[in-house]
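By convention in this document, chain letters (A, B, ...) are assigned in the order of the sequence lines, proteins followed by strands, and residues within each chain are numbered from 1. Since this is a predicted model, take the numbers as computed values, not measurements.
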Amino acid sequence: MSDTAVTPSNATFDQFGLSPDILKAIAEQGYTTPTPIQAQAIPVVLSGRDVMGAAQTGTGKTASFSLPIIQRLLPLASTSASPARHPVRALILTPTRELADQVAANVQAYAKHTPLRSAVVFGGVDMNPQSAELRRGVEVLIATPGRLLDHVQQKTANLGQVQMLVLDEADRMLDMGFLPDLQRILNLLPKERQTLLFSATFSGEIKKLAATYLRNPQTIEVARSNSTATNVTQTVYEVPEGDKTGAVVQLIRERSLKQVLVFCNSKIGASRLARSLEKSGVVATAIHGDRTQNERMQALEAFKRGEIEALVATDVAARGLDIVELPTVINFDLPFNAEDYVHRIGRTGRAGASGDALSLCSPNERKQLADIEKLIKRPLDVGHLTVDVPVRHHEERSPRREGRDGRDGRDERPARRRSGGPSFDRPHGSHRQQPIDDFFLKPYEPSPSAHKSDEAAAADAASAQQQKGATKQPLAALLGGFGMPRKSSS
DNA sequence: AAAAAAC
């Protein structure tokens, strides 16, 4: 087993023995004090030892490996123009193209006063400029796996002299089915090398990967995995599926949000929401895997420049995107994987800044909410929007169930009955059958097969009681057992 | 259930 490093409490960048050229670049980036992961990882990486790092994005992880990589390669850096003098010595693999781009920008910045060359390759864009750059020779290569293998096949990338390998967001890469690609790449690398594996979680698969490809790694863990930053407020708003678009508009206006990242579960949903927001006067654009790489990059850049108020994204943006001090993240949909929630809200409250994570939860997403609260080991705060909740003194309703839940982006409905209508503009859209009151009338219904605990049943009864005649009540009251961790019965 | 990634 590997041991865990101790955090030096008040380290400075000066004490790592980094080259003045690197320190100069660090200073230019405005950094003075290493983050905990940097304080722990930099000395270990400099020592040449393998690392198994558990760190969320936003903890300064990229610099924690980039800086010592640059330092270690410095003695080998050549000022020669000959490509042969610039073989790939460090390879950094990331799951998404945007993350590769971000990491590359960091490496570039940290190495700018050194003769080291770096390049980034990923899919979705022309291979030729990448090939040309690779042929000129680079010591540090940042890549997504598929395109890297493409370059290997084209013989534009030679990995025979790689001494340092970084697997960034390794859990994500496995989730995305990159294991075969990773294995192929790893087989091309010299056995004698230093390997750094970073992962948000240490699942069984990650441990297996580490056992296979790392040698006596030192474990570095800054924040317990699955934990969320304490400087981020986390609030959930219970919103009927069809009211989510309006709710987002309202949150943006209420809070005067100028730069908000909004997560959807589907590509189509993200596009639709972006369009709906635009109709409501919010400058918005979507970023997801069905948009061209050019569109993705332009959306991201415009967002960073502050030209876009709402960037509506799928989980392509859940990890790794480094948008400095993003104040607010909204979950339009709750993610299917609770871990993705942690990654999504990791886009805010970065580098010690405070942030707000706002989540919309429709009745059919309560299971996801319960999973999230179980993972982060605390309930989210329950917020309420200032829209009127319709008063319904309800007697009996037919038990007919909706065949479809409308979760796939069919979230736009015509304005509801005037009395008690929402105070926000509602975009025009297709009709959904489910009446708005459904949510208020129907407490959480577990599937018939699911076993319900006594507390949950009691909570349901309590919430059903409280729903009658409810208006503008805090959702916590409306929802009784809302957010209670649910015992899973398997 | 969905998303991501090579052409």
Hey, does A/G177 reach any base, or is it just sugar-phosphate, or nothing, if we go heavy atoms under 4.0 Å?
nothing
What is the nucleic acid contact for A/D181, judged by heavy atoms within less than 4.0 Å: base, sugar-phosphate only, or nothing?
nothing
Between [X] ([atom1]) and [N] ([atom2]), how many Å, whole number?
X: A/N337; N: B/dA4; atom1: CG; atom2: P; result: 14 Å
X: A/L99; N: B/dA3; atom1: CG; atom2: P; result: 20 Å
X: A/L167; N: B/dA5; atom1: CG; atom2: P; result: 18 Å
X: A/D290; N: B/dA3; atom1: CG; atom2: P; result: 8 Å
X: A/F263; N: B/dA1; atom1: CZ; atom2: P; result: 23 Å
X: A/F122; N: B/dA4; atom1: CZ; atom2: C1'; result: 14 Å
X: A/I287; N: B/dA5; atom1: CD1; atom2: P; result: 10 Å
X: A/L182; N: B/dA5; atom1: CG; atom2: C1'; result: 11 Å

Considering just the side-chain nitrogens and oxygens of [X], establish if one lies under 4.0 Å of OP1 or OP2 belonging to [N].
X: A/T314; N: B/dA2; value: no
X: A/R296; N: B/dA5; value: yes
X: A/T144; N: B/dA6; value: yes
X: A/R97; N: B/dA5; value: yes
X: A/K367; N: B/dA1; value: no

For the side chain of A/F336, counting heavy atoms from C-beta on, which of B/dA1, B/dA3, B/dA5 is nearest?
B/dA1
Would you indicate which nucleotide in B/dA4, B/dA2, B/dA6 comes nearest to any side-chain atom of A/R184?
B/dA6
Test A/F332 against A/F263 for ring-ring contact (aromatic ring centres under 6.0 Å, His included), laying out the working first.
CA-CA 6 Å; A/F332 181 84; A/F263 283 104; over 10 Å; no
Run the salt-bridge test on A/D340 and A/R172 with the 4.0 Å N-O cut-off and return the result as yes or no.
yes
Take A/E133 and A/R117, measure what salt bridge (charged side-chain N to carboxylate O under 4.0 Å, His left out) needs, and give me the verdict at the end.
CA-CA 10 Å; A/E133 210 171 358; A/R117 302 183 191 173; over 6 Å; no
Determine the sole option in A/R272, A/K267, A/R344, A/K244 for which the salt bridge (Lys or Arg N to Asp or Glu O under 4.0 Å) test with A/D333 is passed.
A/K244
Reference residue A/E278; test side-chain contact (heavy atoms from CB on, under 4.5 Å); the match among A/V312, A/T285, A/V283
A/V283
